[in-house]
Amino acid sequence: MLTLEKLTYGVGDYRLAADLALPPGQRVAVIGPSGAGKSTLLDLVAGFLTPATGRILWQGRDITASPPNQRPVAMLFQENNLFPHLDLARNLGLALRPGGGRLTAEEARKVEEALARVGLGGMSARKPGALSGGQQSRAALARVLLQARPILALDEPFAALGPALKMQMLDLVTEVAAELGALVLLVSHDPQDARRFAQQTVLVAEGQAQPPVATENLFDSPPAALRAYLGQERP
Amino acid sequence: MAPRPLAVIAALAVAGLVLGPVAAVLARAGGWGTLGPGDWQALRFTLVQSLLSAFFSVLLAIPVARALARRRFPGRGLLISLLGAPFILPTIVAVLGLIAVFGQNGMVNGGLRALGLPGFSIYGLHGVVLAHVFFNLPLATRLLLQGWLAIPAERFRLAASLGLSPRAMRRTLERPMLLRIAPGAFAVIFVICLSSFAVALTLGGGPRATTVELAIYQAVRFDFDLGRAALLSMIQLGLALAAGLLALRLGTGDGFGAGLDRVVTRWDGRAGLPRVMDGAWIALAALFLLTPLAMVVARGLPGLAHLGAGSWEAAWNSLTVALASTILCLAWALPLSSRWGEWVGLAGIAVSPLVLGTGLFLIVRPYANPLALALPVTTLVNALVALPFALRILRPEAEAVRSEFRRLSLALGLTPAAWVRLVLLPRLRRPLGFAAGLTAALSIGDLGVIALFADPERATLPLQVYRLMGSYQMEAAAGAALLLLIFSFGAFWLCDRGGRAHADT
């Protein structure tokens, strides 16, 4: 269980509060108007921001004060998910050896396997610049496989891809998450993403991250805040 | 991600190396009574020559920059790149080139004599100003060109569609820009000329053409009056700080900016007269800048054969000093490449090399013979003086690397060593190469502290050129100057090139 316990965060006039729990292995969409705090919520979970009050717990363990790399979270950002000057083998190798040391034969084999798993077999010597946008996303996902963390935080990493490619990537995320048994948090501004991908949805609006609701129910009878976001009139 | 303790250590080292000598100078400074009339004269001369140099540099840069901004011609990009060259051109080389053109037996005086006109001497106030304009006209041109290119292209389109007259163009577009940029350019050049040493040493001198920096040198070397040297250093420090703060307030760009060879399409100035005038200004500027350099090459080639063992030894000293100060400067700059670090780095430029040198001389003297430490001290001061430029080049890129990859590195838990080795250094390759090139070239060409410390057995190449000139071995001096020119431009090219090769984007 990922528990956000009476969490608050604020900078200047901006406020975000969350009090909710997410079960392991679920696929959860985080949607809401831009600037409402979707990315902030992920940054709090991943450890890039520190909450003003409240606690973050994973399976009962308090991780509020842990640095990002010691949290059970692997994260994909909107951009810069790969170091452009390192080839894929080195980029992925950093997930296994953050000190930058040489990989053992066993580790190198794991890297190749992960690349093959996302459809990039034999491309370990390429640099990100020699890949298409979709392939770069796949490589980043392969690194998530190697990190093997129980929570996967995706901050709109596929926003720059076309619709068809984005759907492919979401399906691949579903597969990867299933293999890892990971809880996925997917930030998106596109309700279609939520419907296609997520079993549950967290709505972030008006300074509040709502507790998760089954995605279907949410869109079938949207509450006022979601209607406002979707641009739907009151019935 | 930058290892904070390293940044603090680097900052403390800069502060200590600047404040230590300043404190030594303050402690040793004699009373005002120790100053002779010659010293007040030096203060006046320093101010007058700086004002004149800055005034003429900016004034002449205006038509040149305007011409470069609105004309396109083959070689324009190359010429604009060449405008950056005086920055790394060793002063003594330029002085030799200027003497070859404007000196007693130079081309200009030769021409005047042939016409039966009286010649003129390059030594004294006008020689010093001439050399300063040679160095700073290109800088002023680059700064003003930046201003011209910063005027949005739409404005020129609008002016063209309104059919503004040339006068109206100047009033609505060019004058506001010049009023904004020119004062800053003037102030920067004024500050640079305030701490002029090598030019005054070679073209000035005597009671009527001595700068404060030169007076410090003479007080130490000839009179061995350390109290007076320290007091003069205090005056120089006050001058530089006051003028430096003024320049910061008026601040302009740094003229390093890329993209200066861009051309904005213009519809004005297509008539015959403006075209001829622009062409003439560009040709004159190019002639003024390139002829002295061409003369150095022409006169130096035969001189290369006359280089003695002393010159080769000096060349070796220069290369080792440059290598060491480049490494030191970059090791300093990397941890300091942040906003506050850049402020710390500015300390090195606020205090002139001669003041630093005098302070270090005072500190070292009780423990060791300062003359034996000439090369290490020169290395240190060169690194310190180049630090602000290295930081100016590195900081924006280092901050970009941090903002792009800090989160990814944190998420992966990269160790600080892995961050530096795998991310920071490879990403900074280009600016590191550029900064290393500048530092190495500046250090190779430096004629400042070394003059203060050197004994007859020890010299760097610039000092050797000066000594050869002083003993009227002009052929050997020309040869050594050419060697110096090759070294400094070669070092810059090698480092800059090394940074660009195989750089990934």
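Computed over heavy atoms, backbone and side chain alike; hydrogens, waters and symmetry mates excluded. Sequence lines set the chain letters: A, B, ... in the order given, protein chains first and strands last, and positions in each chain run from 1.
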Task: Heavy-atom contact with chain B under 4.5 Å, split by part of A:Gln147 - done: side chain
Task: Euclidean distance, A:Asn80 CG relative to B:Arg407 CZ, rounded to 0.5 Å - done: 10.0 Å
Open item on the list: Please report the interatomic distance CG(A:Leu82) to CG(B:Leu408), rounded to the nearest 0.5 Å.
Closed with: 7.5 Å
Open item on the list: Counting only heavy atoms from other residues, nucleotides and ligands, does the tally under 6.0 Å from CZ of B:Arg155 exceed 12?
Closed with: no
Open item on the list: Can you tell me how far apart NE2 (A:His85) and CG (B:Leu422) are? Round to the nearest 0.5 Å.
Closed with: 6.5 Å
Open item on the list: I need the minimum non-hydrogen distance between A:Pro98 and B:Gly413, along with the two atoms involved.
Closed with: CB-O, 3.1 Å
Open item on the list: Given heavy-atom pairs under 4.5 angstrom as the criterion, report whether the side chain, backbone, both or neither of B:Ala417 touches chain A.
Closed with: neither
Task: Heavy-atom closest contact (B:Leu410 atom, A:Pro68 atom, distance) - done: O-CB, 3.8 Å
Open item on the list: So which atom in A:Pro84 and which in B:Arg427 form the shortest heavy-atom distance, rounded to 0.1 Å?
Closed with: CG-NH1, 3.1 Å
Task: Closest approach of A:Gly100 to B:Ala418 (non-hydrogen atoms, all atoms of both residues) - done: N-CB, 4.0 Å
- [ ] Identify which part of A:Arg143 has an atom lying under 4.5 Å from any heavy atom of chain B, answering side chain, backbone, both or neither.
- [x] side chain
Task: Neighbour count >12 (heavy atoms, 6.0 Å) for atom CZ, A:Arg15 - done: yes
- [ ] Enter the distance from B:Leu412:CG to A:Leu146:CG here, rounded to the nearest 0.5 Å.
- [x] 10.5 Å
Task: Under 4.5 Å from any heavy atom of chain B - which part of A:Asn81 - done: backbone
Task: Enclosure of A:Arg90 CZ (heavy-atom neighbours >12, cutoff 6.0 Å) - done: no
